[in-house]
Amino acid sequence: MHTSEVLTAKEPGTGQHPYRLQLILLMISSSMIFAAYTSAYIVRRDEGNWLEFALPVALAINSAIILVSSGTMQWAYMAARRNSIKQVRIALILTFILGLAFLVGQWNVWGDLVASRIFFGGTDANPSGSFVYVLMGVHAFHLVTGLIFLWVVLRKSLRYEVHSKQMLSIGNATIYWHFLGGLWLYLYLFLLLNH
Amino acid sequence: MAANIPTNAQAQGGIGVSVPHTEHEDHLHNDEHHEQSFISKYVFSTDHKVIAKQFLITGIFWAILGGTLSSLFRLQLGWPEATLEWLTPVLGKWVEAGKLNPEFYLALVTMHGTIMVFFVLTAGLSGTFSNFLIPLQIGARDMASGFMNMLSYWFFFISSVIMFSSLFIETGPAAAGWTIYPPLSALPQAIPGSGAGMTLWLVSMALFIVSQLLGGVNYITTIINLRTRGMSMSKLPLTIWSFFLTAVLGLLAFPVLFSAALLLIFDRSFGTSFFLSDIYIAGQALPNTGGSPILFQHLFWFLGHPEVYIVIMPAMGMVSEIMATNARKPIFGYRAMIGSLLGISLLSFVVWAHHMFVTGMNPFLGSVFMFLTLIIAVPSAVKTFNWLATLWRGNIRFTTAMLFSIGFVSLFVSGGLTGIVLGNAALDIQVHNTYFVVAHFHLVMGSSAFFGLFAGVYHWFPKMFGRMMDEKLGYIHFWLTFLGVYLVFLPMHYVGIAGFPRRYYSWTGFDTFSQFADLNKFISVAAILAFFAQFIFIFNFFYSIFRGRRATENPWQSNTLEWTTPVVPGHGNWPGAIPAVYRWPYDYSKPGAETDFIPQNVPFSQTQSSNMPYEREMAD
Ligand code: HEM
Ligand SMILES: [Cu+2]
């Protein structure tokens, strides 16, 4: 290697760990799914024959839950930076439980929708309702992957592998969790404004 | 996750252990000659070079199948009255009383398109060369995540198995065209292929998309993070730029196809009505209301148009590289080449509705899309101009790869010109869904991308297998193929302008079209001959793997880093340290230089005689 040679070009790399970059790319990719659905929603709505209905109130509660879970996730991250291993675990467990609660809440919203005769499919279904199910369902699927990720990080932290010198996994989990929360808030707001 | 694979964790600088390559890691793998089992070496390999070959061989398999299907439907089109009884041993019940089943004809067209666009020219082309060349040309030990890379291949493999198996089911494979427009694709009552065949198609494509995303994420990360010392973005070979942007397009476009496929699945199996409305079929009214089939087209073409550039851009990159090497000249307009790739990538997302001019869209909207579409001609022309200028007064070496590269440019121009015709809404309304469109995209995409693929295989074969392919057979293959595709696709423009519709099983019932009987026969003969010519390549390929002339390390006297590796690079690519990079990859025939090429890893201090003034400063 010619170490004596002066290299004019900058050193390669972004300074980001490859896993971090991969996560960001996958999040961009997922966003495209929702961009597609929300634009399809608008295109379809503007064609008429669109059933109007009020969104279940429980959605607001679920949104609050996921907002709080972003807070606990951030708490876990900051605790890891301070090396408070115990707090990391508590915060991660809290986030996990809140995530589960969100999923259960979403499931119940589906129940509410069915109760008010807004169906996913079948003769009585209108795309306006089906879209709500699809948006919630595809988001819930992403949230499940987020829960799996949380689980992995939690196990790491139980083995003392999450602390100020090993921030990669919890850092990635935090980014992903905020992404999922932000995504949901976007969807909720979108549905509120466009139904 | 990847760090858990024992054989790799130590060997690869970037496999998730750490980003910078340290000296320590650089030396590890040469001694790594401990035996790997056959399975971990050739089957579930995480080595990018093996994965590349897996993609290539699978792609070849699919290409033969896709070609066979097209020969079958060309038989029908060329000799509509002939009996096809002799095909019964192969096609079984799809030949009825000596006639091809009309619905099976549509299945053949559909599967031909699907296979060629996705399995051959996307997975086979990008999968092979992005995998093979990215680490080798940027100076990396392997991909950022060998494990994800392996998954990418195996998702493709499973997707292939499912698509293949759909050929053998009772109701036949999907038959709604490669664009799977509903309602035809949504209703099994409409055509048998929209039953189980379509379900398998959708499942297979979903897995295919996963494979593409895993691969693409890896290509981008590798290019951004694992370049060797000195390899700035402005010193990257154009191949890498094209693979990079291809992966970006895939990452943004494929999820949208996934979204559309998911909604279609819901419509087919869960009773939703995203794309279905007011349909009467066989006198029966369907319950679905409120859906919009046009919505599907928007979603599909939002992927579909970038997809055609996903197919062509890797070929563009490889052709640029091969042309510079074999013209012994720097590529003309390196930065313009990158700029035009960027321009094409951006524009490819805002032109999709040019496939939908006849859907009754607002004419004003149509004009906007027409305007944007025609702008794509500008970066395309920049590229063409630069390729021609690279050839101009070059010291051309007519290797087989070079011939295919020149052929690429020819086909790209011929097909691109008709794109400008189609891009005009007023003209497109006349020729939409005719053979004119078929001719357009087979020249500009199908044949061009295939030529890029061939050029790439002939050029990088020595690095893949340590042997050379036979040049004479290569020439014969080139000329037969080159003449073949023109003989097939030029007449198609003519019948297309006359209004001859695509995807029609039988045209003999229309008086206007019966005058084209001879021309159709001619096209069919040319197509089948061109198809058979491909077996020269297949023979050459497999024969040369075992018996070809032995290659040297740098048989084409090329500048890029892959040629600084051993004849057949081992695990980790470079036995010693990874070379550092000092210059761009196109120092061919530099005035004052001792040789007519200066590889990227040669420092300026060793080339005093040829340094430019500003390079002299860098040398000391
Ligand atoms: C100057 C640049 C180009 C323009 C203006 C252009 C324009 C068009 C238009 C307007 C259509 C729709 C025709 C119709 O269905 O009525 C079309 C079809 C198509 N083009 Fe191009 N094109 C260009 C270059 C390309 C390139 C570079 C590729 C691929 C590498 C490509 C691939 C295709 C394909 C695959 C279709 C047909 C899809 C189908 O209906 O099955 N085009 N093109
Ligand atoms: Cu297009």
Side-chain angles (χ1 to χ4, degrees), chain A residues 1-41 43-51 119-131 133-134 137-138 141 152 168, chain B residues 14-16 19-20 23 26 138 144-145 148 213 216-218 220-222 224-232 234-235 251-256 258-260 262-263 266 270-274 277 287-292 294-295 298-299 302 576-582 603-605 618 620:
Chain A
M1 198 179 277
H2 324 265
T3 26
S4 56
E5 196 79 29
V6 184
L7 282 169
T8 46
K10 67 173 170 45
E11 288 286 310
T14 51
Q16 297 278 18
H17 191 281
Y19 283 179
R20 173 71 45 93
L21 195 57
Q22 285 170 348
L23 175 74
I24 293 171
L25 292 172
L26 284 175
M27 289 187 323
I28 294 175
S29 209
S30 294
S31 310
M32 288 306 293
I33 296 184
F34 293 95
Y37 281 143
T38 44
S39 2
Y41 183 100
V43 170
R44 174 58 200 80
R45 188 196 54 174
D46 291 347
E47 286 181 12
N49 188 1
W50 187 254
L51 184 73
F119 298 112
F120 174 54
T123 18
D124 294 334
N126 184 280
S128 70
S130 309
F131 264 117
Y133 283 93
V134 169
V138 177
F141 173 80
V152 171
L168 181 66
Chain B
I15 192 135
V19 186
E23 285 294 313
D26 280 354
I138 66 170
S145 166
M148 268 170 76
L213 294 182
V217 162
N218 233 332
I220 298 174
T221 312
T222 308
I224 290 186
N225 266 348
L226 300 186
R227 280 167 288 137
T228 186
R229 290 189 311 126
M231 182 65 94
S232 60
S234 56
K235 290 199 181 71
L251 215 60
L252 297 175
F254 272 113
V256 179
F258 184 84
S259 314
L262 194 63
L263 295 189
F266 289 148
F270 295 85
T272 56
S273 308
F274 290 107
S277 193
N288 307 71
T289 52
S292 159
I294 307 286
L295 181 60
H298 280 296
L299 290 174
F302 188 85
I578 298 180
V581 161
Y582 301 92
F604 290 111
S605 57
M618 291 192 271
D620 39 50

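Order of the sequence lines sets the chain letters (A, B, ...), proteins ahead of strands, with each chain counted from 1.
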Review point. Would a distance-only check, ignoring hydrogens and angles, find a side-chain to backbone donor-acceptor pair under 3.5 Å from A:Ser128 to A:Leu51?
Key: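 Here the side-chain-to-backbone pair exists.
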
Under 4.5 Å heavy-atom distance to chain A, tell me which part of [X] shows up: side chain, backbone, both or neither.
X	value
B:Phe302	side chain
B:Ile138	neither
B:Leu252	both

Review point. Most heavy-atom pairs under 4.5 angstrom with chain B, which of A:Phe131, A:Phe34, A:Tyr37?
Key: A:Tyr37

Review point. At what distance, to the nearest 0.5 angstrom, does CG of B:Asn218 lie from OG of B:Ser145?
Key: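 Rounded to the nearest 0.5 Å, the CG-OG separation comes out at 5.0 Å.
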
Practice item. Kindly compute the distance separating CZ (B:Arg227) from OG (B:Ser232), expressed to the nearest 0.5 Å. Key: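 Taking CZ in B:Arg227 and OG in B:Ser232, the distance rounds to 7.0 Å.
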
Review point. Can you tell which of B:Phe266, B:Phe258, B:Phe270 has the highest number of heavy-atom pairs within less than 4.5 Å of chain A?
Key: B:Phe266

Practice item. Specify which of B:Thr289, B:Leu251, B:Leu299 makes the most heavy-atom pairs with chain A at under 4.5 Å. Key: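 Among B:Thr289, B:Leu251, B:Leu299, the one with the most close pairs to chain A is B:Leu251.
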
Give me the atom names and distance for the closest heavy-atom approach of [X] to [Y].
X	Y	answer
B:Leu295	A:Arg44	CD2-CB, 4.0 Å
A:Ser130	B:Phe274	CB-CZ, 3.3 Å
A:Pro127	B:Gly291	CG-N, 4.3 Å
A:Asn49	B:Gly290	ND2-CA, 3.3 Å

Go through the atoms of [X] and report whether side chain, backbone, both or neither lie under 4.5 Å from a heavy atom of chain B.
X	result
A:Phe120	both
A:Val152	neither
A:Tyr133	neither

